There are 2 protein chains.
Amino acid sequence: MSRDRDFSTIGRALATPARSAFLNLLMDGTSRPAGELAQAAGVSASTASEHLAILVEAGLVTCAAQGRRRLYRLADASVAEALEALGVLADPTPVTGYRRSRQAEHLAAARFCYDHLAGRLGTALARAWVEAGWLAGRDVLALTTAGEDGFRALRVDVDGALVARRPTTRACPDWTERRPHLAGALGAAVGRRFLEAGWVVRHRAGRGLAVTGPGLAELRERWGVSLRG
Amino acid sequence: MSRDRDFSTIGRALATPARSAFLNLLMDGTSRPAGELAQAAGVSASTASEHLAILVEAGLVTCAAQGRRRLYRLADASVAEALEALGVLADPTPVTGYRRSRQAEHLAAARFCYDHLAGRLGTALARAWVEAGWLAGRDVLALTTAGEDGFRALRVDVDGALVARRPTTRACPDWTERRPHLAGALGAAVGRRFLEAGWVVRHRAGRGLAVTGPGLAELRERWGVSLRG
DNA sequence: GGGACGCTTCGGCCGCCGCCGAAACGTCGT
DNA sequence: ACGACGTTTCGGCGGCGGCCGAAGCGTCCC
């Protein structure tokens, strides 16, 4: 069975709560220093370092030195996709402590899922773009010709997304909402454009996104998108 | 971070070569007794029983008693999808022994990927159906209106696939070919139809498919599909 | 250059887990 | 009813791996 895949090595890499926590923290596509990951996961710096080495060894995470810090991030979009698929199977971890609620609410509103918009913002946009005829297939989110023009008008790099090596569009299951949001090369291009235009801003330390005033008004006017829970 | 997913429990479930081998054996959607899995993975019956209990506990496989035997199978299509996504990251296990070559060749030609056709057969069909205009998007495989009629003419249950809870179509990365094959509700409907019509037959003990004479001729005539490597 | 800082490496401890054989349990066939 | 068979449970062994503190290494800052 030379076609068999070895799930055990990757499985081992995922198999501890600390490493799972690290991956969750990195799933928004950000780069984070080892110390921050250690503190967030509640392990000592030395333990975190060992865990991170294992994740790098497994090819799930890459490390970039920046001065005396080392920044870790997911290795690849395919890693994020695999973790998303696994997340569909995994139960959400129980809420620990009441301080989480505001934070969780914040994340549910708008966040990045590796390189594309997720949360209520991501799913609402996907829904709106399907209704506008820009994307076809409620659960497929295929780009239509109308969508090509529409996204171009938003100054999203549609042409780059059309010739990218990975699929132009992909429906990514949103863990907090029940609906998919837009991923794939176009999803990433949309995310870049939203950041570049300042419609969303990455939250400093946290994982969420702030939606700026003009962006929020634009969203509500054009697509009837509301971020109310 | 109540949105976090616990990858560690599922990771543990995947984290041994024996359990990885079991999942590989079950990825074609078949149900297999514990003893067969034990023998295939090269562990004792008692060890296999423990491993299978762990996989059941993790929700990855289910167990159905049949007489004095117990048949194990993947729990769900979402499990197969997650394993596919993980398989993209995982290296293929090294070929062990030359006897594998015929077997591997056999699997590369045609096999089931949980509930849909894969291997050269699956990817060639997907390509042909894109060229025929039945599916749109080389890497998306969205169903077109022409495709609805076409698949109906093949007596594939298109309408069931259109209203299924899961996406109608999904592009599933084929590990042996470089191209995607058709998955999702329609992929499963196509697989059922091919079995029902006798165009393909599940191989007795192995994981491959036999393509029957009439089916093969039909494939070649209608879609120019060849199974030659 | 000296000290603070971030990270990794090392050594040692402890617990978990994979492995097996033997025994128990339930089912099938005669 | 009895033995054969498939599977699970149990007990015990051995090794891997997660955890930490201390020490080592490189970088930044005054």
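Below, each value reflects all heavy atoms present in this structure, side chains not excepted, and no hydrogens, waters or symmetry copies. None of these values were measured; they are calculated from a predicted model. Sequence lines set the chain letters: A, B, ... in the order given, protein chains first and strands last, and positions in each chain run from 1.
- An OP1 or OP2 oxygen of C:dG6 is reached within less than 4.0 angstrom by no side-chain nitrogen or oxygen of A:Tyr72.
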* Where along nucleotides 19-30 of chain C does protein come under 4.0 Å, by heavy atom, of base (B) or sugar-phosphate alone (S), with - for untouched nucleotides? -> BBBB----BB--

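- Nucleotide C:dG18 holds its P atom 12 Å from the CZ atom of B:Phe22, rounded to whole Å.
- Remark: C1' of C:dT8 and CD of A:Glu57 are 16 Å apart, rounded to the nearest angstrom.
- A salt bridge is absent between A:Arg73 and A:Asp115: the closest approach of a Lys/Arg side-chain nitrogen to an acidic carboxylate oxygen does not fall below 4.0 angstrom.
- Across the protein-nucleic acid pair, B:Gln39 atom CD and D:dG6 atom C1' stand 13 Å apart, rounded to whole Å.
- Residue A:Ile54 is classed as a sugar-phosphate contact, given heavy-atom separations below 4.0 Å to backbone atoms only.
- With rounding to whole Å, A:Leu71 atom CG is found 11 Å from C:dT8 atom P.
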Below 3.5 Å, can you tabulate the donor-acceptor pairs from side chains in residues 46-54 of chain A to any protein atom, sequence neighbours excluded?
from    : atom 1 : to      : atom 2 : distance (Å)
A:Ser46 : OG     : A:Ser44 : OG     : 3.1
A:Thr47 : OG1    : A:Ser44 : OG     : 3.0
A:His51 : ND1    : A:Arg19 : NH1    : 2.9

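- One finds a salt bridge joining B:Glu84 and B:Arg170 here, because a Lys/Arg side-chain nitrogen approaches an Asp/Glu carboxylate oxygen to under 4.0 Å.
- By the 6.0 Å contact criterion, CD on B:Glu57 is open, its count of non-hydrogen atoms from other residues, nucleotides or ligands being 12 or less.
- Among the atoms of the strands shown, none is found under 4.0 Å from any heavy atom of B:Leu52.
- Relative to the ring axis of B:Phe112, B:Arg202 places its NZ or CZ within 45° and under 6.0 Å from the centre.
- Note on A:Asp174 versus A:Arg111: salt bridge recorded, some NZ/NE/NH1/NH2 to OD/OE distance being below 4.0 Å.
- Checking the phosphate oxygens (OP1, OP2) of D:dG17, a side-chain nitrogen or oxygen of A:Arg12 falls inside 4.0 Å.
- Distance A:Glu36 CD to C:dC7 C1': 15 Å, rounded to the nearest Å.
- Among the heavy atoms of the strands lying under 4.0 Å from B:Ala45 is at least one base atom, whether or not backbone atoms are also near.
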* Worked check of side-chain contact (heavy atoms from CB on, under 4.5 Å) between A:Phe194 and A:Leu125 -> CA-CA 12 Å; A:Phe194 269 61; A:Leu125 284 173; 3.9 Å; yes

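- Across its full length, the helix from C:dG1-D:dC30 to C:dT30-D:dA1 shows an angle of 30° between the axes of its 5 terminal pairs at either end, rounded to 10 degrees.
- The CZ atom of A:Arg69 sits 13 Å away from the P atom of C:dT8 (whole-angstrom rounding).
- Note on A:Glu196 versus A:Arg192: no salt bridge recorded, every NZ/NE/NH1/NH2 to OD/OE distance being 4.0 Å or above.
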* I would like to know whether A:Asp4 and B:Leu25 meet side-chain contact (heavy atoms from CB on, under 4.5 Å); could you show each step before the answer? => CA-CA 8 Å; A:Asp4 284 11; B:Leu25 287 164; 5.7 Å; no

